[in-house]
Asker: 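My structure is below; once you've seen it, I'll send some questions.
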Amino acid sequence: MGSKTACEPLHRLHTALSRIREMDHTIKAWETIDENGALQRAAALPVIPDHKAAPGLYGLTVGIKDVIDVAGMPTKAGSAARANIAPAEIDATVVTRLKNAGAIILGKTKTTEFAYTDPTDTANPANPRHTPGGSSSGSAAAVAAGMADLALGTQTVGSICRPAAYCGVAAFKPSTGSTACHGVVPLSRTFDTVGFLARDMRLAVEAFACCADGVALELKAAPMPWSTLRVGLIADPFYLDCDPDVAAALETGRHALERLGATLTDIKAHIDYEAMREQHRVMMFREAALAHDHLLEQRGLLGPNWRAALERGATLSESDYWDARDSLAEARVRLAAACGPVDVLLLPPTRTTAPEGLHSTGDAGLILPWTVFGGPLAVLPVGTAGNGLPTAVMIAGKPWADLATGLLAANLQSELGHR
C-alpha cells in the first residue's frame, strides 16, 4: 500500500461496531448505540488519502457518558427515574465541538446513577468478574475493549481517573472549569468536570484541546523540558498505604522519569484527608440536593447510595455548605504551598487494582484531594499486576497548566511503552 495509509471513517466505524457486537454482551459498556446515525455521519466524511493529513479527531469513534446530552438520544443518567425521559433536543457543548472536529458519535456509555456510586452492570474488560470503576464505567470499559477510540467522562470525585486506572486506559481530567458543562446533568456544579479517555494520552489531550473553553490551544507547544522538570512524590502516610502491585507501578513511573532526566523530590502535603473528604461530601450533597431534590418524590426508583446522598443533602444548611467551602479553600492553599517546589506530582491513582465484584466502584480517596485542588490529572497505564489486572500511575498538574501537563504525560506514556 506504500508509505501512506488512508483515513477511512466508514471502515473505522465498521471495525468499532464489529467489536461492540463481539464484546458488549459481556462488558455491557453501552446504554444506547446510534448505529444508523453513526453510519450516516461516517459516510458523509470524505476519505483523506493520507491519514497523517487528517485533523486529530477526524473519523474517530466516540462514546459519550450518559450524563451528557446528545441530540436525538435520551440522557437517562443511569437512573430508573429517567427511564422514560425524552431525547435531548440539542447537543452538549462538548459534543458539538467533537462533531465539528469530525468525530463520529457512536452512542451513550453507561454511568452510575447520576454519576454517583450506585454501580452499573458494566464489567472490566481485563476481567469481567471485576469492577471497571465509576462513575464513567461504560466510557472506560468501551475504550479498554476497543469498542471506541475515545470516550467522554465526567469527574466530581474520581470518576474519570479511577475507571481509567482499573481498566488500563489513558485519561485526562482537565482543570476544573476548563471545559463547558452546558448540557451535562449535574452532580456538584462546583466540581463537575468533563474529561477524556483513550488508549493513547496524546489523543485524550487532543480531544481536550478541541473541547476546551477559551482560546485555541496549540498541541505542538513544547512540554516542560525533562532536564528542568521537578516531580514531587507525596510522602504522607495516606499515600504510602498501597498494595505492592500499585507501589511497583509507581516505582516504574519514577524510574522512567529519572531516565528522562527529571528531578524527583519527596514532599508532604500535611492535609487532613479524611476531613477534606467530609467537606467535599457536604458541598457535593448540598449541590446535588439543590439540583435534584424533586427526585425524592420517587424514592423507590432511586439507588440506595444516590437516595442517601440526596436525603443528606436536603438536611444540610447554607451555613454547613459555606463552612465546608471555606475549609476546602484553605486546603487548596495548603496544597498549593506544598506543591510550590515542584512542577507536577507522580501519584498512585488507587490503592489497589480493580476490586472483585460489581457491587462497588472502588475507592477514590487518593484522587479526591487533587480533584479539589482543581488542576489537570493524567492517568497512564503502566502494566499488569500479578492478578492479571491493569496498574497505573497519575500525574497531577497545577491549575490551568493543562496542556503542559497533558503533553508531559503523553511523552511519559511513550517512555513507558504503552499505547
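Numbering starts at 1 and runs along the sequence shown.
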Asker: Please state whether the rings of His294 and His292 are parallel, tilted or perpendicular, taking 30° and 60° as the class boundaries.
Answerer: tilted
Asker: In terms of the angle between their ring planes, are Phe191 and His280 parallel, tilted or perpendicular, with boundaries placed at 30° and 60°?
Answerer: tilted
Asker: Side chains of Val62 and Asp149: closer than 4.5 Å at any heavy-atom pair?
Answerer: no
Asker: Just jot down the side chain to side chain contact (heavy atoms under 4.5 Å, CB included) partners of Ala171, sequence neighbours excluded, or say none.
Answerer: Ile160, Ala164, Leu197, Val379
Asker: Using salt bridge (Lys or Arg N to Asp or Glu O under 4.0 Å) as the criterion, point out the one residue from Lys65, Lys76, Arg82, Lys110 that pairs with Glu31.
Answerer: Lys76
Asker: Over all heavy atoms of both residues, which pair between Ala204 and Ala198 is shortest? Give the atoms and the distance, please.
Answerer: N-CB, 4.1 Å
Asker: Stepwise, does the side-chain contact (heavy atoms from CB on, under 4.5 Å) test hold for Val95 with Ile68?
Answerer: CA-CA 8 Å; Val95 174; Ile68 302 172; 3.8 Å; yes
Asker: Distance only, no hydrogens: is a donor on one side chain within 3.5 Å (strictly under) of an acceptor on the other, for Arg162 and Tyr166?
Answerer: no
Asker: Quick one: do the Thr120 and Thr122 side chains pair a donor with an acceptor below 3.5 Å?
Answerer: yes
Asker: Judged by modelled atom types alone, do Asp69 and Thr75 share a side-chain donor-acceptor pair under 3.5 Å?
Answerer: yes
Asker: Show your working on side-chain contact (heavy atoms from CB on, under 4.5 Å) between Leu412 and Ile395 and close with a plain yes or no.
Answerer: CA-CA 10 Å; Leu412 178 58; Ile395 298 290; 4.0 Å; yes
Asker: Can you confirm whether the side chains of Thr193 and Gln155 place a donor and an acceptor under 3.5 Å from each other?
Answerer: no
Asker: How many angstroms lie between OG1 in Thr361 and OH in Tyr116, if you round to the nearest 0.5 Å?
Answerer: 9.5 Å
Asker: Please list, chain by chain and in numerical order, all residues satisfying side chain to side chain contact (heavy atoms under 4.5 Å, CB included) with Trp400, sequence neighbours excluded.
Answerer: Ser175, Ser178, Asp402
Asker: Could you walk me through whether Thr391 and Thr353 pass side-chain contact (heavy atoms from CB on, under 4.5 Å), step by step?
Answerer: CA-CA 6 Å; Thr391 59; Thr353 56; 4.0 Å; yes
Asker: For residues 267-274, dump all side-chain donor-acceptor pairs below 3.5 Å to protein atoms at least two apart in sequence or in another chain.
Answerer:
{"unit_1": "Asp272", "atom_1": "OD1", "unit_2": "Glu274", "atom_2": "N", "d": "3.4"}
{"unit_1": "Asp272", "atom_1": "OD1", "unit_2": "Ala275", "atom_2": "N", "d": "3.1"}
{"unit_1": "Tyr273", "atom_1": "OH", "unit_2": "Asp236", "atom_2": "OD2", "d": "3.2"}

Asker: Quick test of your reading of the model: are Arg254 and Glu258 salt-bridged, counting only N-O distances below 4.0 Å?
Answerer: yes
Asker: Taking the side chain as everything from C-beta on, heavy atoms only, tell me whether Phe114 gets closer than 4.5 Å to Val67.
Answerer: no
Asker: So, taking the atom named CG in Leu295 and the one named CG in Leu310, what distance separates them when rounded to the nearest 0.5 Å?
Answerer: 6.0 Å
Asker: Do the numbers put Arg351 on top of the ring of Phe238, so that NZ or CZ is under 6.0 Å from the six-membered ring centre and no more than 45° off the axis?
Answerer: yes
Asker: How about NE2 on His255, more than 12 heavy atoms from neighbouring residues, nucleotides or ligands closer than 6.0 Å, or not?
Answerer: yes
Asker: Could you tell me which non-hydrogen atom of Ala235 sits nearest to which non-hydrogen atom of Asp266, and how far apart they are?
Answerer: CB-CB, 4.3 Å
Asker: Quick one, Leu347 and Leu377 - any side-chain contact, counting heavy atoms below 4.5 Å?
Answerer: no
Asker: Do you see a donor-acceptor pair shorter than 3.5 Å between the side chains of Ser188 and Thr156?
Answerer: no
Asker: Does Arg12 use its side chain to pair, donor to acceptor, with the backbone of Thr61 at less than 3.5 Å?
Answerer: no
Asker: For residues Thr117 and Val157, determine if any side-chain heavy atom of one lies less than 4.5 Å from a side-chain heavy atom of the other.
Answerer: no
Asker: Nearest 0.5 angstrom please: Leu13 CG to Ile104 CD1, how far?
Answerer: 5.5 Å
Asker: Shortest non-hydrogen contact from Cys167 to Ala144?
Answerer: O-CB, 3.6 Å
Asker: Does Thr131 reach the side chain of Asn124, with side-chain heavy atoms less than 4.5 Å apart?
Answerer: no
Asker: Does any part of the side chain of Ile234, heavy atoms only, come nearer than 4.5 Å to the side chain of Trp370, both counted from C-beta?
Answerer: yes
Asker: How close do Ala409 and Ala378 get, counting heavy atoms only, and between which atoms?
Answerer: CB-CB, 3.5 Å
Asker: Determine yes or no for a side-chain-to-main-chain donor-acceptor pair under 3.5 angstrom, with Gln413 supplying the side chain and Met201 the backbone.
Answerer: yes
Asker: Measuring from Leu57:CG to Cys211:SG, what's the distance to the nearest 0.5 Å?
Answerer: 7.5 Å
Asker: Give a yes or no answer on whether the side chain of Glu287 reaches the backbone of Thr190 with a donor-acceptor pair at less than 3.5 Å.
Answerer: yes
Asker: Should the heavy atoms of other residues, nucleotides or ligands under 6.0 Å from CZ of Arg129 be counted, would the total exceed 12?
Answerer: no
Asker: State plainly whether the residues Glu318 and Arg286 are in salt-bridge range, i.e. N to O under 4.0 Å.
Answerer: no
Asker: Say whether, by atom type as modelled, one donor and one acceptor occur between the side chain of Asp91 and the main chain of Ala71 under 3.5 angstrom.
Answerer: yes
Asker: Looking at Leu152, is its backbone amide N or carbonyl O close enough to the side chain of Ser139 to form a donor-acceptor pair, meaning the two atoms are under 3.5 Å apart?
Answerer: yes
Asker: May I ask you to check whether Phe196 and Phe172 place their ring centres under 6.0 Å from each other?
Answerer: no
Asker: From Ile64 CD1 over to Leu98 CG, what is the distance, rounded to the nearest 0.5 angstrom?
Answerer: 5.5 Å
Asker: Are the side chains of Gln279 and Val282 in contact, using a 4.5 Å heavy-atom criterion?
Answerer: no
Asker: What heavy-atom pair brings Arg307 and Leu302 nearest, and what distance separates the two atoms?
Answerer: NH1-O, 3.1 Å
Asker: Taking Thr109 for the side chain and Ala29 for the main chain, is one N or O donor matched with an acceptor at less than 3.5 Å?
Answerer: no
Asker: Taking all non-hydrogen atoms of both residues into account, name the closest pair between Leu416 and Gly253 and its distance.
Answerer: CD2-CA, 4.4 Å
Asker: Nearest 0.5 Å, what's the CD-OG1 distance between Glu8 and Thr15?
Answerer: 9.5 Å
Asker: Any carboxylate oxygen within less than 4.0 angstrom of a Lys/Arg side-chain nitrogen, looking at Glu278 and Arg312?
Answerer: yes
Asker: Show your working on side-chain contact (heavy atoms from CB on, under 4.5 Å) between Glu35 and Leu39 and close with a plain yes or no.
Answerer: CA-CA 6 Å; Glu35 182 168 345; Leu39 287 167; 3.8 Å; yes
Asker: Would you check if the side chain of Arg281 reaches a backbone N or O of Met276 as a donor-acceptor pair within less than 3.5 Å?
Answerer: no
Asker: Given 3.5 Å as the limit, does a donor-acceptor pair link the side chain of Asn100 with the main chain of Arg97, or not?
Answerer: no
Asker: Does Lys398 NZ have over 12 foreign heavy atoms under 6.0 Å away?
Answerer: yes
Asker: Verify the neighbour count for atom CZ of Arg277: are there more than 12 heavy atoms of other residues, nucleotides or ligands below 6.0 Å?
Answerer: yes
Asker: For a 4.5 angstrom cut-off between non-hydrogen side-chain atoms, does Thr350 reach Met394?
Answerer: no
Asker: Under 3.5 Å, side chain of Arg325 to main-chain N/O of Met283, donor-acceptor pair present?
Answerer: no
Asker: Within the side chain of Asp243, is there an N or O that forms a donor-acceptor pair under 3.5 Å with the backbone of Val246?
Answerer: no
